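First comes the structure, then the notes that go with it.
We name chains A, B, ... by the order of the sequence lines, and we start the count at 1 in each one. For clarity, every value in this text was computed on a predicted model and none was experimentally measured.
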There are 2 protein chains.
Amino acid sequence: MLLTPEQLRRHFQERGLKFTSQRYAIYRALAGSTEHPSVEDLYSTVKASYPTLSMNTVYNTLESLKEIGIASEISLWHDKARFDANQASHHHLVCLRCKKIEDLYDDTLDRLALSPKAKHRYRITGHRVEFHGYCSRCKPKMNKPQKRR
Amino acid sequence: MLLTPEQLRRHFQERGLKFTSQRYAIYRALAGSTEHPSVEDLYSTVKASYPTLSMNTVYNTLESLKEIGIASEISLWHDKARFDANQASHHHLVCLRCKKIEDLYDDTLDRLALSPKAKHRYRITGHRVEFHGYCSRCKPKMNKPQKRR
DNA sequence: TCCTAAATAAGAATAATTACTATTTACCAC
DNA sequence: GTGGTAAATAGTAATTATTCTTATTTAGGA
Ligand SMILES: [Mn+2]
Ligand SMILES: [Mn+2]
Ligand SMILES: [Zn+2]
Ligand SMILES: [Zn+2]
């Protein structure tokens, strides 16, 4: 499961990215955890063996790992909070580029439930489904990232 | 759909909260939009009619509206980014209090798809399902909010 | 071994959110 | 209606997460 340094090096080099020991250490910290760590978590962990590590390197490495496709960001919405007064049961269709959010009504999605075996772990209060993609305006520019608003 | 001032006043007073004209204006701005606005969006909109409005009041009002149950925050994860190196298709079980994230494997969830009518609006690249609730440690303290880490 | 572009580290800048405090106001009791 | 009081507001400062800037170091190719 955990990639060896040489395997990871290959991934980086295929994308024209350089392979560094910091990058491997950060990868190892992320892949070795089931905690879905934050940047700060990874920084603290890796800092122990790389005392001069900077936050910037962690952010930078995570971007690269995402690009390569061996890590992902769970939190689509960490940039700013978004609110909704529509309390009807519904879900969302989200544009990854312009952050537009459209409502999505679908009974099947409303009725999803946890499998019985998983159910007793948590006291569930709800669920959400988000479909991600590119809206009609953004489809043509999928690869040109948009600046912050 | 849009609550009248008197209806909204009732909601506030049932919870022992005071009803103010700012609060109604913010509610109106939120409920009158389909854009899933950010705090900044609401601030700008309402500021036009309340030139002395402060951000604080917008945050404060949104908290109250959430408490009352007539608005919700779409973005669970806006506080800080969280990462995952597990690229196997899976979903998440999230504790609303301690922010713990557990993996959830479920074929049914993996296979969700948009209804054909919705499908052509977006170029869909994926979807996620998040179940929310309280983990076993947090169940007993559901009402005692946790301080930031 | 050398060159060069990319990565790193350190720190500054920005953006979103939260905290603090003086003033104002909603609402309750009279 | 008037007054008292706790809560809400406005204005500002502080904090936190993220992004940017720049000088220095280094990976990887020639
Ligand atoms: Mn919605
Ligand atoms: Mn996961
Ligand atoms: Zn878009
Ligand atoms: Zn918990």
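As rounded to whole Å, 11 Å separates atom P of D:dT18 from atom CG of A:Asp41. Look at OH on A:Tyr24: it is 21 Å from P on D:dT26, rounded to the nearest Å. Following rounding to the nearest Å, A:Lys99 (NZ) and C:dA16 (P) show an atom-to-atom distance of 13 Å. Between the P atom of C:dA19 and the CD atom of B:Glu63 lies a distance of 11 Å, rounded to the nearest Å. Rounded to a whole Å, the CD1 atom of B:Ile26 is 12 Å from the C1' atom of D:dA10. With rounding to whole Å, B:Lys80 atom NZ is found 16 Å from D:dT15 atom P. Straight-line distance from the CG atom of B:Leu65 to the P atom of D:dA8: 12 Å, rounded to whole Å. What separates CD of A:Glu73 from P of D:dA17 is a distance of 14 Å, to the nearest Å.
Side chain to side chain, A:His36 and B:Asp103 meet the donor-acceptor criterion of an N or O pair below 3.5 Å. Using a 3.5 Å distance cut-off with no hydrogens or angles, the side chains of A:Ser89 and A:Asp110 do pair a donor with an acceptor.
Taking the screw axis at each terminus of the helix from C:dT1-D:dA30 to C:dC30-D:dG1 from five consecutive base pairs, the angle between the two is 40° to within rounding of 10 degrees.
For A:Ser33, the side-chain contact (heavy atoms from CB on, under 4.5 Å) partners at least two apart in sequence or on another chain are A:Glu35, A:Pro37. The side-chain hydrogen bond (donor to acceptor under 3.5 Å, both in side chains) search around B:Thr57 returns B:Ser54, not counting sequence neighbours. By the side-chain contact (heavy atoms from CB on, under 4.5 Å) test, B:Ser49 pairs with no residue at all, sequence neighbours left out. The side-chain hydrogen bond (donor to acceptor under 3.5 Å, both in side chains) search around B:Arg28 returns none, not counting sequence neighbours. With sequence neighbours excluded, the residues forming a side-chain contact (heavy atoms from CB on, under 4.5 Å) with A:Arg137 are A:Cys135, listed by chain and number. Looking at residues two or more places apart in sequence or on another chain, you find no side-chain contact (heavy atoms from CB on, under 4.5 Å) involving A:Thr52.
Residues A:Leu93, A:Leu104, A:Leu109, A:Leu112, A:Leu114, A:Ile124, A:Val129, A:Phe131, B:Leu93, B:Leu104, B:Leu109, B:Leu112, B:Leu114, B:Tyr122, B:Ile124, B:Val129, B:Phe131 make up the rest of the hydrophobic cluster containing A:Tyr122, defined by ILVMFWY side-chain heavy atoms closer than 4.5 Å, directly or through other members. Clustering of Ile, Leu, Val, Met, Phe, Trp and Tyr by side-chain heavy atoms under 4.5 Å joins B:Val46 with A:Phe83, B:Leu2, B:Leu3, B:Leu8, B:Phe12, B:Leu17, B:Phe19, B:Tyr24, B:Ile26, B:Tyr27, B:Leu30, B:Val39, B:Leu42, B:Tyr43, B:Tyr50, B:Leu53, B:Met55, B:Val58, B:Tyr59, B:Leu62, B:Leu65, B:Ile68, B:Ile70.
Near-neighbour residues of DNA chain D inside residues 12-19 of chain B, defined by a heavy atom below 4.0 Å, number-ordered: B:Leu17, B:Lys18. For the contact set between residues 50-59 of chain A and DNA chain D, defined by any heavy atom under 4.0 Å, the members are A:Asn56, A:Tyr59.
Nearest to the side chain of A:Val39, among D:dT9, D:dT18, C:dA7, sits D:dT18.
Among residues at least two apart or in separate chains, ring-ring contact (aromatic ring centres under 6.0 Å, His included) pairs with a member in residues 98-119 of chain B are B:His90-B:Tyr105.
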